[in-house]
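Only one structure is covered here, and it is reproduced in the block below.
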Amino acid sequence: MEERKSVFGYLAQIFLIYGIMTLLLNVFCLVFGNVEEGYSAMFSLGSKGISVATSMQYFGVAILTTLYRFVFCTDTVIKNMPVLLRVSLMLIFVVGTVSAFIVIFKWFPVNAWEPWVLFVFCFVVSFIVSGVVVTLKEKLENKRMEEALLRYKEENKVNE
């Protein structure tokens, strides 16, 4: 499913996920922070930003998400599982982890339905955008590989 990566590749992935999540959270703080201050632990500082505690919790989510991706999207741990099942299991684990963090760290009141609807909406949108980006990247890489193969074949014809 995925090429082998070094430790640095996984660290880069952790920081990429963390950076995107933090950027989105900062935008949410600017837009909703003052309204949600006191209602949610994530917005405890209002529109001034996010707390170190919340930031570190998001870093934990990024680490776990990268771990799940390693488990489900490489052949290192699981060798013979259909791609759709791998992706489905990874999604279940990520949603479960984020849900657990919501409950444990009181990111928002668990008995209020509105934040859960927004959470699901944001997750679905993020998943769709990620899927489109990955698909486009894969198509681009496949096109490059096809072009390289054609060049290789042409060069070997000339050399024969």
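Note that the structure is a prediction, hence the values are computed from the model and not measured. For the single chain, residues carry numbers from 1 onward in sequence order.
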Considering only heavy atoms from C-beta outward, does the side chain of Leu64 approach that of Phe101 to under 4.5 Å? yes
Between Gly49 and Cys29, which heavy-atom pair has the shortest distance, and what is it? O-SG, 3.6 Å
Listing request: all side chain to side chain donor-acceptor pair (under 3.5 Å) pairs with a residue in residues 16-28, at least two apart in sequence or in separate chains. Tyr18-Ser55
Is there a path of hydrophobic side-chain contacts, each under 4.5 Å between heavy atoms of I, L, V, M, F, W or Y residues, that connects Phe70 with Ile92? no
Any chance you could pull the hydrophobic cluster mates of Leu24, using side-chain heavy atoms under 4.5 angstrom and chaining through other members? Leu16, Ile20
Please name the pair of heavy atoms, one in Asn80 and one in Arg86, separated by the smallest distance, quoted to 0.1 Å. N-NH2, 4.2 Å
Student check: side-chain heavy atoms of Phe119 and Val98 closer than 4.5 Å: yes
Got a sec, which residues hit side-chain contact (heavy atoms from CB on, under 4.5 Å) with Glu147, two or more places apart in sequence or on another chain? Lys143, Arg151
Residues two or more places apart in sequence or in another chain: which of them pass side-chain contact (heavy atoms from CB on, under 4.5 Å) with Leu30? none
Just jot down the side-chain hydrogen bond (donor to acceptor under 3.5 Å, both in side chains) partners of Ser99, sequence neighbours excluded, or say none. none
As a quick check of understanding, evaluate side-chain contact (heavy atoms from CB on, under 4.5 Å) for Val87 and Phe72, giving each step before the final call. CA-CA 7 Å; Val87 171; Phe72 293 111; over 6 Å; no
Using the test side-chain contact (heavy atoms from CB on, under 4.5 Å), find all partners of Val27 that sit at least two apart in sequence or belong to another chain. Val31
Candidate pair Thr65 and Thr97, rule side-chain contact (heavy atoms from CB on, under 4.5 Å), full reasoning: CA-CA 9 Å; Thr65 300; Thr97 298; over 6 Å; no
Stepwise, does the side-chain contact (heavy atoms from CB on, under 4.5 Å) test hold for Trp116 with Val120? CA-CA 6 Å; Trp116 285 105; Val120 169; 5.5 Å; no
Hydrophobic cluster (4.5 angstrom, side-chain heavy atoms) - remaining members for Trp113: Val117
Residues at least two apart in sequence or cross-chain that pass side-chain hydrogen bond (donor to acceptor under 3.5 Å, both in side chains) with Thr54, listed by chain then number, are Ser51
Say you draw a straight line from CE of Met21 to CD of Gln57; how long is it, rounded to the nearest 0.5 Å? 11.0 Å
Given the side-chain rings of Phe15 and Tyr10, with only the six-membered ring counted for Trp, is the space between their centroids under 6.0 Å? no
Cluster check Leu91, Val124: I/L/V/M/F/W/Y, side chain < 4.5 angstrom: yes
Contact summary for Met42 and Leu25, nearest pair of heavy atoms: SD-CD1, 4.0 Å
Same cluster or not: are Met145 and Leu136 linked, directly or through other Ile, Leu, Val, Met, Phe, Trp or Tyr residues, by side-chain heavy atoms under 4.5 angstrom apart? no
Rounded to the nearest 0.5 Å, how far apart are CE of Met90 and CZ of Arg69? 6.5 Å
Should we say atom CD of Glu138 is surrounded by more than 12 heavy atoms from elsewhere, each under 6.0 Å from it? no
Could you list the residues that satisfy ring pair (Phe, Tyr, Trp, His ring centres under 6.0 Å) with Tyr58, not counting sequence neighbours? Trp107
Full working for side-chain contact (heavy atoms from CB on, under 4.5 Å) between Leu118 and Glu114: CA-CA 6 Å; Leu118 288 172; Glu114 298 94 342; 5.5 Å; no
Which residues pass the side-chain contact (heavy atoms from CB on, under 4.5 Å) test with Ser47, sequence neighbours left out? Asn34
Would you say Leu149 ends up clustered with Leu140 if hydrophobic residues are merged whenever their side chains have heavy atoms under 4.5 Å apart, either directly or through other cluster members? no
Among residues at least two apart in sequence or on other chains, which ones pass ring pair (Phe, Tyr, Trp, His ring centres under 6.0 Å) with Phe123? none
Quick test of your reading: applying salt bridge (Lys or Arg N to Asp or Glu O under 4.0 Å), list the pairs with at least one residue in residues 125-136, sequence neighbours left out, ordered by first then second residue. none
Look at the side-chain heavy atoms of Ile, Leu, Val, Met, Phe, Trp and Tyr, link any pair under 4.5 Å apart, and say whether Ile63 and Leu23 land in one connected group. no
